[in-house]
Amino acid sequence: MDKSVGKPLNRVDGRLKVTGAAKYAAEFPQEGLVYAVIVGSTVPSGTISKVDASAAEKAPGVLAVLSPEQPPKLGGDPAQRQSPLEPMVHLLQNRRVDYFGQPVAVVVADTFERATHAAALVKVQYQAEKPKLGLRALKAQAYAPKHIIFRPPDSDHGKASAETPAAEVDATYITPFEHHNPMEPHATTAVWDGDRLTVYDATQGVFGVRSRLAQLFAVPPENVRCVAKFVGGGFGGKGSGWGHTILAALAAKTVGKPVRLVLRRDQMFTGVGYRPETEQRVQLKARKDGKLLLLRHETLTSTSTFDEFTEPAGFTSRMLYASEQIATTHRLVKTTLPTPTFMRAPGESPGMFALESALDELAYKLNMDPVQLRSINHADTDPESGRPWSSKSLKECYKAAADKFGWSKRNPTPGSMKDGRTLIGWGMATATYPTMRQKGAAKASLLPDGTVSVAVGTQDIGTGTYTVMVQIAADELGLPVQKVRSDLGDTQLPEAPVSGGSWTAATIGPAVKRAAAALREKIIATAVADVGSPLKGADPKQVKVENGELIAGSKKESFAALMKRQKLPSLDVQADAQPGEEMKKYAMHAFGAQFAEVRVDPDLGQVRVSRFVGAFGVGNVLNAKTAQSQIQGGIIMGIGMALMEESVVDERTGHFVTKDLADYHVPVNPDVPDIDVIFVPENDPYVNELGIKGIGEIGITGVAGAIANAVYHATGKRLRSLPLTLDKLLTTT
Ligand code: MOS
């Protein structure tokens, strides 16, 4: 039978999604459901002197108004975190206000409309304080964080060269605040039954939400169930247990009824994370032949006053190119804003815009092709750890993407390529993302009808997890994909990590494979021990599984026939998989090359991306269709980052004034050209037993750089501040 892994199998959940049958967090019906609405602070900083809820409490349908006037009772301390990556949240426990939009009250009513109306009646008085805002204004107060995701903020490898460089770049790049803006807003439906809590939550990590809720309500984790069957986009914004989920559970406990809390689009801009702004200085020095003598990358970025998150923009500079010396720093300023968080390729996305722009500037100074410059500085081993790569196909990616794009026809002179009055620019950048995996478990079950179910407590955040689980299990069990179903998104299933870090397939893929293989062995063992089976007494090693049948020589029996005699509800096995020693021996990264064509209107400054080609070495591709789709999604998000996405803060009020999709622009169909995705064949025996490198984030990493470089090629204008909007193009000379 043909293997399914690698094939462009349609999403197994596709029909549920397009028919509306797929249930998202705010769509689970509940008997007696009531609705909660958050009242956000209208000052960025200060103390609440009074919450007057009298009018709200008298409004029709209102069941309760929660506020710091009578702090709702928690069982655990919100300041106690199980991980420093867990965000600090505000749960109406005290009168402190730390950011504009912070929850200062929660209104619960019998309908969403009545709760919304009553929320408008809550009057809050503050003693306001002046906010601390502005990355550059606060620069003097910048400090080095102790660590960034458990790694040091600064690095310095190699030796300073005494050679006089033939070319140098010393430039500062700026990236703005960005918000994730998934189509599905954050939402929670919380249901208590005695001291047992069930939440249907829009999350990338059901187990993380479970442990947070268990800690804060002082109940055992087994008493909390978190369900996330479908997630309408996350991009990192749904990777943490944010405050509104806990507030929904608090509200449900207070009123003794199931509560639904859905964030409005404007509330998606406060309190559920964002990508912080950065100012990055990149210094490059190179010999005449292009060899780098120095690569220095200094990042300045911001966090909140009450918590610490550092955008690791310099991490990629530690590993992407060979240079005599590589040095990086990260500095943070505390600002009166909510806390930032992980957003698709955190670090790489803004960091590689700076690095890849600087490389392009250097290529022009050296009068060298930018692909050649990158090839000359190819890192044959990991410059940071000195370890060999588990696999690396970057040179093949440069070649495959350049050939497909037609790069050899490029005239490098800026402004030299035109179509009528339209300026055409061709630019490129490298892409990369680390290959990671976590511990994960999976369960596989043979059902009475001879079909198999595989289950993992992970989430499918739109990536295709449901589908690749089916493919992996089908191949192990010799079953057609129609006879395998997958289940996920529930803490009652085997534990798996948050779906982030591009590690979901690399984590749960091997667990599903092992569980399915163990189930195969169990099915065979059951058959050869069954007196009623034609395979009774056969050597288990000689038994094959094919198309739902056990076969030993001329004897065969279907899975269904075996199960019928066994009279069992199911045959089950559970298995887990985790990273091993190989992680310490090899440096593991996926790599790619991205090429953009832009068309620029010279009078209006309007930039359109007209072609995009990316080639990627990402190990084993489990599903050609969903993989291509994920990479295209990353590239589309990169087009948004390059050309339109920006959250604007009013520095007087600490208010994100871009608070809907009319102000915060994301790409729509006319903004997106045909995107060519090439996967170069790559067989990596070290990353995990399925050779998976992960594809959730690499797609976005080189895009902004490639587009900015294409804009320079089209116009001769080097824009070092994202997004590349027409006002910047028209005012840059
Ligand atoms: Mo991602 S930013 O690791 O969900």
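The first residue of the sequence shown is numbered 1, and numbering continues consecutively from there. Start at 1 and go down the list; that is how both ligands and their atoms are numbered.
- Distances from ligand 1 to the non-hydrogen atoms of Glu697 include at least one value under 4.0 Å.
- Using a 4.5 Å cut-off on side-chain heavy atoms (C-beta onward), Val272 and His244 make contact.
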Q) Going through the checks in order, is the side-chain hydrogen bond (donor to acceptor under 3.5 Å, both in side chains) test met by Thr658 and Asp663? A) CA-CA 5 Å; Thr658 33; Asp663 291 334; over 6 Å; no

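- For ligand 1, the atoms lying closer than 4.0 Å to a non-hydrogen atom of Met343 are 2 (S).
- Set against the non-hydrogen atoms of Gly236, the atoms of ligand 1 under 4.0 Å away are 1 (Mo), 2 (S), 4 (O).
- Considering only heavy atoms from C-beta on, Thr430 comes within 4.5 Å of Glu356 through its side chain.
- When each atom of ligand 1 is checked for a heavy atom of Gly501 under 4.0 Å away, the hits are 1 (Mo), 3 (O).
- Thr278 and Thr301 share no donor-acceptor pair across their side chains, judged by distance under 3.5 Å alone.
- Annotation for ligand 1: atoms under 4.0 Å from non-hydrogen atoms of Gln204 are 4 (O).
- Remark: the Ser155 side chain and the Thr328 side chain contain an N/O donor-acceptor pair separated by less than 3.5 Å.
- In this structure, Pro346 is part of the shell of residues with a heavy atom less than 4.0 angstrom from ligand 1.
- Listed by number with element, the atoms of ligand 1 under 4.0 Å from a non-hydrogen atom of Gly500 are 1 (Mo), 3 (O), 4 (O).
- Ring planes of Tyr24 and Phe230: tilted class, angle from 30 to 60°.
- Ring geometry for Phe28 versus Tyr200: interplanar angle under 30°, hence parallel rather than tilted (30 to 60°).
- Taking only nitrogen or oxygen atoms, main chain and side chain alike, Arg344 does not reach within less than 3.5 Å of ligand 1.
- Near Phe235, meaning under 4.0 Å from one of its heavy atoms, ligand 1 places the atoms 2 (S), 4 (O).
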